[in-house]
Engineer: 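Handing you a structure now.
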Amino acid sequence: MVHNSDFIWNYRFCFLLSNGGKDKHYTEYFAGLNFAVYTFPPIALAIIGSFYLNLKPRESIRRKGRKLTSGFSNPLLVNTLVGVLSTLEILAVFLFILFLAWNFYARISNDFKNLKPDKSLMLNSWQLKYLKVATRFGLLAEVCLAFLLFPILRGLALFRLLGIQFEASVRYHIWLGTALIFFATFHGASTLFVWGVSHYIQEEIWEWQKTGRIYLAGEICLVTGLVIWITSLPQIRRKQFEIFYYTHHLYMVFLVFFLFHAGDRHFYMVFPGIFLFGLDKLLRIIQSRPETCLLSARIFPSKAVELILPKDPGLKYTPTSIIFVKVPSISKYEWHSFSITSSSRVDENTMSIMIKSEGSWTSSLSHMIQTRQKSDGDQTKYIPIAVEGPYGPVSMDFLRYDSLLLVSGGIGITPFLSIIQELASSQNSGINKFLPRMQLIYVVKKSQDICLLNSISPLIFGQPAEKCLLKVKVFVTQEEQSDATVRQLLNEFSEVQTVNFGTKFLNFSISGLENSLWMAAIAGISSFLFLIFLIMFNHIFVPSQKNPTKEKTPSWVVDLLIISSFILALICSIFVALVIRWRRLKKQMLPTLQKQSKALEKGSTQASDALDEHEIHFGGRPNFEDIFAKFPDEKGGSDIGVLVCGPETMKESVASICQKKCGAKKQKPNFSFHSLNFTL
């Protein structure tokens with residue numbers, strides 16, 4: 001297949017040269033063919049996927065028996081270096097590496113068969129072979145680049161078709177980026193080495209070639225990629241997030257110079273990800289406009305802060321969803337992700353998230369809230385905020401389990417607050433007759449951190465024992481043994497300071513993403529317009545070669561035509577998206593401000609019959625082996641969903657136990673592991 005592909009491209013090149021005045025028409029033909037073969041299929045998949053996700057019901061159907069594919073999603077490898085990997089992930093990684101190896105071997109063996117000495121380079125046999133190897137490593141980098149942007153799509157996310165959310169697929173982007181930089185560095189360094197050996201380096205390294213590969217563009221591309229990768233390392237990303245965030249925007253420089261270096265034929269292979277990412281990015285920018293403002297903030301004794309935001313009553317989202325937040329008064333460009341702690345069933349007009357002061361951005365926001373609290377005047381208390389999202393699972397798949405084991409550490413409690421509220425609301429309304437029973441394992445350093453359970457305290461103590469779906473086990477790791485109970489600690493640290501902000505300038509609430517059908521339509525229109533603009537520009541600006549003495553069009557001109565076509569297609573798509581957004585905002589009513597969590601306020605914390613159900617332990621970490629052994633007797637059920645959100649060490653410990661349970665033959669009950677990320 002590879003040999004035929006190389007032959008076809010050589011044949012096309014010779015055919016174009018032999019057709020004199022017709023080469024423009026054949027260039028247009030092959031541009032359209034490249035787009036149809038390499039670019040359009042992933043775009044079509046994104047469009048069809050949007051239709052499918054729009055039709056998928058929000059409520060999961062209660063399944064009968066174990067799901068056939070559940071075993072593939074359970075942990076197969078638990079390692080500190082790579083984290084927790086499922087059977088499906090390991091299989092996908094293995095097939096991808098196999099594809100890279102096959103691609104490399106097939107091409108390099110063909111190169112060695114047809115190896116001919118190049119007199120202009122004055123290279124001996126081994127140097128020429130090494131140059132061929134370096135060139136093929138460049139193609140491996142190209143394959144990684146072709147897949148690089150798919151995992152970080154949000155609105156047009158292909159991974160959602162597999163049930164993989166954005167915050168989980170980010171690590172695939174990291175793996176692909178690391179592989180890309182490795183292959184590209186070997187490609188660039190080896191090429192420079194061969195040039196140096198042949199004393200050819202000074203002639204090529206600074207030259208901007210008119211036709212063929214532009215080596216200077218490749219050098220700029222490689223340096224830019226190295227800067228992006230180095231500043232993405234955990235040591236820098238976690239301590240200096242701003243450096244990571246801003247240098248990551250050099251991807252635009254990287255992609256443009258990659259086009260100049262590789263040429264248009266190779267660019268079509270990586271263009272689907274670029275096309276979808278560019279469109280997805282612009283749609284997200286439009287969706288985050290106009291800005292709204294904070295309604296109020298609740299400051300907990302543990303210094304965590306809950307932010308209350310206005311929400312359109314028609315916006316529905318599933319538990320474990322996340323939003324991206326930007327506060328222009330702190331930074332005009334920085335976005336940070338947070339798990340939504342509220343439920344759209346319970347709070348129709350508001351949405352809440354929780355932050356903890358652990359970085360410069362969150363510390364600045366916490367300080368701003370406390371400062372505005374002391375200021376006078378409605379305008380000074382006004383804090384504008386931009387919101388993008390929410391992004392989350394299409395349906396509530398956790399409803400299919402008989403029972404749920406929720407394991408959280410510290411601020412990792414946030415996604416579980418939304419799950420618990422959602423299930424409690426479903427129980428009270430009678431929407432779902434069969435709801436999973438839950439056990440929450442909450443690990444904290446200090447007893448005051450338990451105050452984060454404040455929003456669900458009516459559900460913990462306000463339900464009779466026979467009706468209560470939730471059992472809580474709290475582990476306080478850095479304090480000595482105490483006789484305090486969960487109820488006593490919640491009462492002791494129940495003093496939550498509420499800060500209300502001015503709403504004089506509140507004109508819009510969070511309305512969420514556009515309908516999936518509209519996004520699919522915009523993607524289809526944009527791809528069609530790109531092809532039209534590309535053919536039109538090629539017809540206008542690429543001169544016909546009827547005159548054989550006429551100078552050939554530089555390759556970078558064709559590259560610029562691709563960039564121009566892409567930009568114009570995006571501009572037209574932006575116009576359509578703006579019209580849709582404007583019509584939606586025009587229909588939006590002024591936010592109605594009511595008290596939050598009114599459905600939960602009815603619960604009383606004075607009920608005592610559920611008191612003995614909950615446990616608290618001091619001075620040590622939880623023994624997960626013991627918890628897993630007792631769980632079936634305490635909650636019952638043969639199919640148990642294990643959801644974990646917290647430090648990596650905690651995830652690995654729980655995953656290891658799930659791995660053992662799944663590895664045992666005919667083991668019942670079945671534990672299905674799911675990891676929820678709260679940091680990207």
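Heads up: numbering here begins at 1 and tracks the sequence. Both backbone and side-chain heavy atoms feed into the values below; hydrogens, waters and symmetry mates do not.
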Engineer: Working to the nearest 0.5 Å, report the span between CG of Leu259 and CD1 of Ile563.
Structural biologist: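 With rounding to 0.5 Å, CG (Leu259) is 5.0 Å from CD1 (Ile563).
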Engineer: Under 3.5 Å, is there a donor-acceptor pair between the side chain of His249 and the main chain of Tyr245?
Structural biologist: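 Yes; at least one donor-acceptor contact below 3.5 Å.
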Engineer: Compute the centroid of each ring, for Phe530 and then for Phe271, and state whether the two points are separated by less than 6.0 Å.
Structural biologist: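 When the ring centroids of Phe530 and Phe271 are compared, they turn out to be within the sub-6.0 Å range.
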Engineer: Among Ile574, Leu513, Ile522, Leu570, which residue meets the side-chain contact (heavy atoms from CB on, under 4.5 Å) test with Leu283?
Structural biologist: Ile522
Engineer: Look at the side chain of Gln287 and the backbone N and O of Gly389, then say whether any donor-acceptor pair between them is shorter than 3.5 Å.
Structural biologist: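 Yes.
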Engineer: Check the surroundings of atom CH2 in Trp361: do more than 12 heavy atoms from other residues, nucleotides or ligands lie under 6.0 Å from it?
Structural biologist: yes
Engineer: Which atom names give the shortest non-hydrogen contact between Ile243 and Ile236, and what distance separates them?
Structural biologist: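 For Ile243 versus Ile236, the nearest heavy atoms are CG2-CG2, 4.4 Å.
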Engineer: Whether the side chain of Lys326 engages the backbone of Lys332 through a donor-acceptor N/O pair (distance < 3.5 Å, no angle test) should be reported.
Structural biologist: yes
Engineer: When you compare the side chains of Thr135 and Arg107, does any donor N or O come within less than 3.5 Å of an acceptor on the partner?
Structural biologist: no
Engineer: Determine, stepwise, if the pair Ser573 / Leu282 fulfils side chain to side chain contact (heavy atoms under 4.5 Å, CB included).
Structural biologist: CA-CA 9 Å; Ser573 302; Leu282 291 173; over 6 Å; no
Engineer: On a heavy-atom basis, which atom in Leu517 and which in Asn515 lie closest, and how many Å separate them?
Structural biologist: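 Looks like N-OD1, 2.7 Å.
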Engineer: Could Arg154 and Phe324 be counted as a cation-pi pair, given that NZ or CZ must be under 6.0 Å from the ring centre and within 45° of the axis?
Structural biologist: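 Yes - Arg154 lies over the ring of Phe324, closer than 6.0 Å to its centre and within 45° of its axis.
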Engineer: For this output row, return yes or no: ring centroids of Tyr317 and Tyr391 closer than 6.0 angstrom.
Structural biologist: no
Engineer: Around atom OH of Tyr246, are there more than 12 heavy atoms of other residues, nucleotides or ligands at under 6.0 Å?
Structural biologist: yes
Engineer: Check Ser526 against Ala569 and note the closest heavy-atom contact, atom names and distance.
Structural biologist: O-CB, 3.6 Å
Engineer: Which residue in the set Glu242, Lys239, Glu334 passes side-chain contact (heavy atoms from CB on, under 4.5 Å) when paired with Ser360?
Structural biologist: Glu242
Engineer: How close do Ser321 and Gly392 get, counting heavy atoms only, and between which atoms?
Structural biologist: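 Where Ser321 meets Gly392 most closely, the heavy atoms are OG-CA, 3.5 Å.
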Engineer: In a check of side-chain contact (heavy atoms from CB on, under 4.5 Å) between Thr224 and each of Leu222, Val227, Ile220, Leu226, which one passes?
Structural biologist: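 That would be Ile220; it is the only one of Leu222, Val227, Ile220, Leu226 passing the side-chain contact (heavy atoms from CB on, under 4.5 Å) with Thr224.
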Engineer: If you define the side chain from C-beta out and look only at heavy atoms, does anything of Ser296 sit under 4.5 Å from Ile308?
Structural biologist: yes
Engineer: In this structure, which one of Trp175, Phe147, Tyr172 forms a ring-ring contact (aromatic ring centres under 6.0 Å, His included) with Phe96?
Structural biologist: Phe147
Engineer: For Phe566 and Ile274, work out which heavy atoms get closest and say how close.
Structural biologist: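 For Phe566 and Ile274, the tightest heavy-atom pair comes out as CZ-O, 3.9 Å.
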Engineer: Quiz question: by atom type and distance under 3.5 Å, do the side chains of Ser352 and Thr341 form a donor-acceptor pair?
Structural biologist: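 A donor-acceptor contact under 3.5 Å links the two side chains.
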Engineer: Would the number of heavy atoms belonging to other residues, nucleotides or ligands and lying under 6.0 Å from CH2 of Trp518 be above 12?
Structural biologist: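 No, CH2 of Trp518 has 12 or fewer neighbouring heavy atoms, counting only those of other groups under 6.0 Å.
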Engineer: For residues Tyr268 and Pro272, report the shortest heavy-atom separation together with the two atoms involved.
Structural biologist: O-CD, 3.4 Å
